[in-house]
Number of protein chains: 2
Amino acid sequence: MIRLSKKVEYGLIAIRHIATKPAGEIVTAKEIADTYGIPYELLSKVLQKLTKSGLITSHQGMRGGYALARPPVEIPVSLIISAIEGTRQAIVQCLSEGPQTCNVFTVCTIKSPLTKVQANIERAFSTMNLSEIV
Amino acid sequence: MIRLSKKVEYGLIAIRHIATKPAGEIVTAKEIADTYGIPYELLSKVLQKLTKSGLITSHQGMRGGYALARPPVEIPVSLIISAIEGTRQAIVQCLSEGPQTCNVFTVCTIKSPLTKVQANIERAFSTMNLSEIV
DNA sequence: CAATATACGACCGTACTGGTCCAATTTCAG
DNA sequence: CTGAAATTGGACCAGTACGGTCGTATATTG
Ligand code: SF4
Ligand code: SF4
């Protein structure tokens with residue numbers, strides 16, 4: 001029902017790993033993949049998404065890799081999730097793809113309570129930052 | 001990422017619909033399907049699951065249908081969800097299918113914080129009962 | 001130049017999802 | 001008793017999301 005994707009989990013593990021290093025230290029995707037036994041190619045994609053959304057910085061070429069773009073306290077888990085996840089960021093369709101996409105919307109009687117649940121979950125993820133999970 | 005299945009939504013809509021009727025009144029699957037424009041056959045499956053888990057009672061034959069098995073206050077949303085959803089009831093694999101099913105488990109550094117999040121969500125769903133969404 | 005690293009897009013098999021179809025069975029109304 | 005109305009249960013199907021892989025381009029550094 002309500003499951004984080006593996007990509008998000010890998011992203012969390014990876015960015016946490018980077019956060020444990022001294023600030024500014026560059027760590028390579030291969031190192032993370034080897035440390036946790038997660039597929040290198042898949043992890044790369046995830047790290048690229050995190051880079052695109054500005055949570056980490058990337059450095060190409062030899063001696064390259066990734067580093068945090070900001071201090072861990074300024075990186076809420078919610079940002080990590082939304083950076084990796086495409087659509088499907090909400091508990092129900094109408095809240096992420098828009099009301100028009102659900103053809104039951106006008107008569108739906110549960111969207112209002114579910115919206116509150118959604119707000120609850122969002123708050124949980126946005127108040128939890130990276131420094132709390134290292 | 002974190003999305004309720006349509007079956008769960010239909011189940012919530014349906015059981016809420018039943019709950020709005022006078023206690024003990026029998027309502028047919030067709031009526032619910034027509035009212036909300038959700039596919040009849042799919043809704044039937046959902047209602048059957050709810051019946052199997054004892055949340056509603058079914059009555060076969062002509063003038064048959066479904067009715068609540070207990071007062072709305074005694075039906076937490078969490079039960080509705082777990083009745084309909086098979087596996088995948090947790091935010092991460094290791095919490096629903098067991099630790100062995102994830103081959104990163106032993107080195108995973110995020111399972112502990114995520115377990116707390118899971119507990120949070122579970123509490124949200126189990127403290128919300130049917131009477132609160134009618 | 002060569003080695004090492006990210007960047008990016010295409011691709012693939014499996015599983016889940018939402019939905020449909022069909023046959024069986026129970027129950028009641030006439 | 002018969003037939004309509006309803007649940008029950010299974011098989012089935014198309015679309016898509018998911019986890020993962022591959023190949024190639026590009027940048028950086030020694
Ligand atoms: S409108 Fe109701 S059924 Fe449609 S997506 Fe929102 S909550 Fe789900
Ligand atoms: S062990 Fe870590 S990676 Fe594996 S399912 Fe649990 S949280 Fe996700």
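Remember, predicted model here, so these are calculated numbers, not experimental data. Each chain gets a letter, A, B and so on, in the order the sequences are listed, and its residues count up from 1.
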> Rounded to the nearest Å, what distance is computed from the NZ atom of residue B/K6 to the C1' atom of nucleotide C/dT20?
Replying inline: 18 Å
> Which nucleotide, C/dT20, D/dG30, C/dA7, lies nearest any side-chain atom of B/P39?
Replying inline: C/dT20
>> Can you tell me which residue among B/L55, B/L130, B/T57 is in a side-chain contact (heavy atoms from CB on, under 4.5 Å) with B/L68?
In response: B/L130
> Within this structure, what is the CD-to-P distance between B/E9 and C/dG18, rounded to whole angstrom?
Replying inline: 8 Å
> Can you find an N or O donor on one side and an acceptor on the other, under 3.5 Å apart, linking the side chain of A/K45 with the base of C/dG9?
Replying inline: yes
>> What I'd like to find out is whether the side chain of A/K30 reaches to under 4.5 Å of the side chain of A/Y40, using heavy atoms alone.
In response: yes
>> What is the distance, to the nearest angstrom, from the NZ atom on B/K7 to the C1' atom on C/dG18?
In response: 7 Å
> Expressed in angstrom and rounded to an integer, what is the separation of B/L43 atom CG from C/dT20 atom P?
Replying inline: 12 Å
> B/S58 side chain N/O closer than 4.0 Å to the phosphate oxygens (OP1, OP2) of D/dT8?
Replying inline: yes
> Side chain of B/Q60: nearest nucleotide among D/dC22, D/dT8, D/dT28?
Replying inline: D/dT8
> D/dG20, C/dA3, C/dA7: which one has an atom nearest the side-chain heavy atoms of A/M62?
Replying inline: C/dA3
Pairs under 3.5 angstrom, nitrogen or oxygen only, protein versus nucleotides 14-16 of chain D, please.
none

> What is the distance, rounded to the nearest whole Å, between atom CD1 of B/I38 and atom P of C/dT20?
Replying inline: 12 Å
> Considering only side-chain heavy atoms of B/E41, which listed nucleotide, C/dT4, C/dC22, C/dC8, is closest?
Replying inline: C/dC22
> Between A/E97 and B/R3, is the closest basic N to carboxylate O distance under 4.0 Å?
Replying inline: yes
>> Can you tell me which nucleotide in D/dT21, D/dC18, D/dT7 comes closest to the side chain of A/R88?
In response: D/dC18
>> Strictly below 4.0 Å, N to O, side chains only: are A/K21 and A/E31 in salt-bridge contact?
In response: yes
>> Just the rounded figure in Å: distance from P of D/dC12 to CG of B/L42.
In response: 19 Å
> Base, sugar-phosphate, or nothing: which does A/Y40 touch, judged by heavy atoms less than 4.0 Å apart?
Replying inline: base
